[in-house]
Chemist: 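Before I ask anything, here is the structure I am working with.
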Amino acid sequence: MDLVFLHQLFLSDKTTSELQSISSGTSNSQKRVTPSDLLHYPICIPTTKGEQVVVGRFLSSIDNLITLHQRKLDLLKEQKKGFLQKMFV
């Protein structure tokens with residue numbers, strides 16, 4: 001099993017919501033998924049490790065692009081804020 005693929009699988013919204021639905025605990029306490037529930041959770045994976053590697057790396061590269069563009073967006077927002085402050089002084 002490729003760990004990058006598995007990491008991406010567990011980051012997905014679908015997996016997260018399904019695991020939240022089987023978690024135990026109240027809203028006031030920390031919700032938990034028991035090891036037994038996790039072991040019985042069905043995981044759909046590509047049959048070959050090579051395909052898992054390709055899919056995992058592809059999704060990771062998209063995450064890296066999202067992070068890069070988020071940083072650029074944050075920088076541009078800061079620049080805009082600075083320009084606005086200088087403009088209205």
Side-chain angles (χ1 to χ4, degrees):
M1 178 101 220
D2 182 60
L3 295 181
V4 175
F5 174 83
L6 190 62
H7 175 80
Q8 290 296 324
L9 176 75
F10 279 99
L11 285 177
S12 74
D13 291 340
K14 180 179 183 282
T15 301
T16 301
S17 68
E18 288 175 351
L19 289 175
Q20 283 177 338
S21 71
I22 63 171
S23 63
S24 61
T26 64
S27 60
N28 293 336
S29 71
Q30 195 165 9
K31 298 187 86 144
R32 295 172 187 83
V33 176
T34 66
S36 175
D37 288 337
L38 195 55
L39 288 172
H40 291 98
Y41 178 73
I43 298 176
C44 296
I45 58 170
T47 54
T48 66
K49 186 167 183 178
E51 191 175 356
Q52 293 173 24
V53 168
V54 169
V55 171
R57 300 298 181 272
F58 175 72
L59 295 173
S60 287
S61 68
I62 291 174
D63 283 344
N64 291 338
L65 277 173
I66 290 169
T67 301
L68 173 69
H69 288 289
Q70 186 62 51
R71 287 182 186 150
K72 286 181 180 179
L73 177 64
D74 292 343
L75 179 63
L76 289 171
K77 285 180 179 180
E78 285 299 314
Q79 286 179 338
K80 177 184 174 185
K81 189 189 304 182
F83 292 144
L84 287 170
Q85 286 175 350
K86 288 179 182 180
M87 191 168 77
F88 294 110
V89 171

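Residue indices begin at 1 and follow the sequence shown. Everything numeric here is computed off the predicted structure, so don't read it as measured data.
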Chemist: Minimum heavy-atom separation for Q52 to M1, with atom names?
Modeler: OE1-CA, 3.4 Å
Chemist: Among all residues two or more places apart in sequence or in another chain, which pass the side-chain hydrogen bond (donor to acceptor under 3.5 Å, both in side chains) test with S60?
Modeler: Q8
Chemist: Under 4.5 Å between side-chain heavy atoms, hopping through other hydrophobics if needed: is there a path connecting V55 to I66?
Modeler: yes
Chemist: Hey, could you give me each pair passing salt bridge (charged side-chain N to carboxylate O under 4.0 Å, His left out) that has a residue in residues 67-82? Not counting sequence neighbours.
Modeler: E78-K81
Chemist: Say you draw a straight line from CG of L3 to CZ of F10; how long is it, rounded to the nearest 0.5 Å?
Modeler: 11.5 Å
Chemist: Would you give the length of the straight line joining atom OG1 of T15 to atom CD1 of I43, rounded to the nearest 0.5 angstrom?
Modeler: 7.5 Å
Chemist: Mark yes when over 12 heavy atoms from residues, nucleotides or ligands other than D13 sit less than 6.0 Å from its CG; otherwise mark no.
Modeler: no
Chemist: Would a hydrophobic clustering, with Ile, Leu, Val, Met, Phe, Trp and Tyr connected at side-chain separations under 4.5 Å, put Y41 with I45?
Modeler: yes
Chemist: Measure the spacing between CG of D37 and OG of S21 and express it to the nearest 0.5 Å.
Modeler: 9.5 Å
Chemist: When rounded to the nearest 0.5 angstrom, what is the spacing between CG in D63 and CG in L59?
Modeler: 7.0 Å
Chemist: Is there a path of hydrophobic side-chain contacts, each under 4.5 Å between heavy atoms, that joins L6 and V33?
Modeler: yes
Chemist: How far apart are the closest heavy atoms of S24 and T34, and which atoms are they?
Modeler: OG-CG2, 4.5 Å
Chemist: Could you tell me if the side chain of T16 sits less than 4.5 Å from the side chain of L19, heavy atoms only?
Modeler: no
Chemist: Could you tell me the separation between the NZ atom of K14 and the CG atom of L9, rounded to the nearest 0.5 Å?
Modeler: 8.5 Å
Chemist: Quick check: closest heavy atoms across P46 and F5, and the distance to 0.1 Å?
Modeler: CD-CZ, 3.3 Å
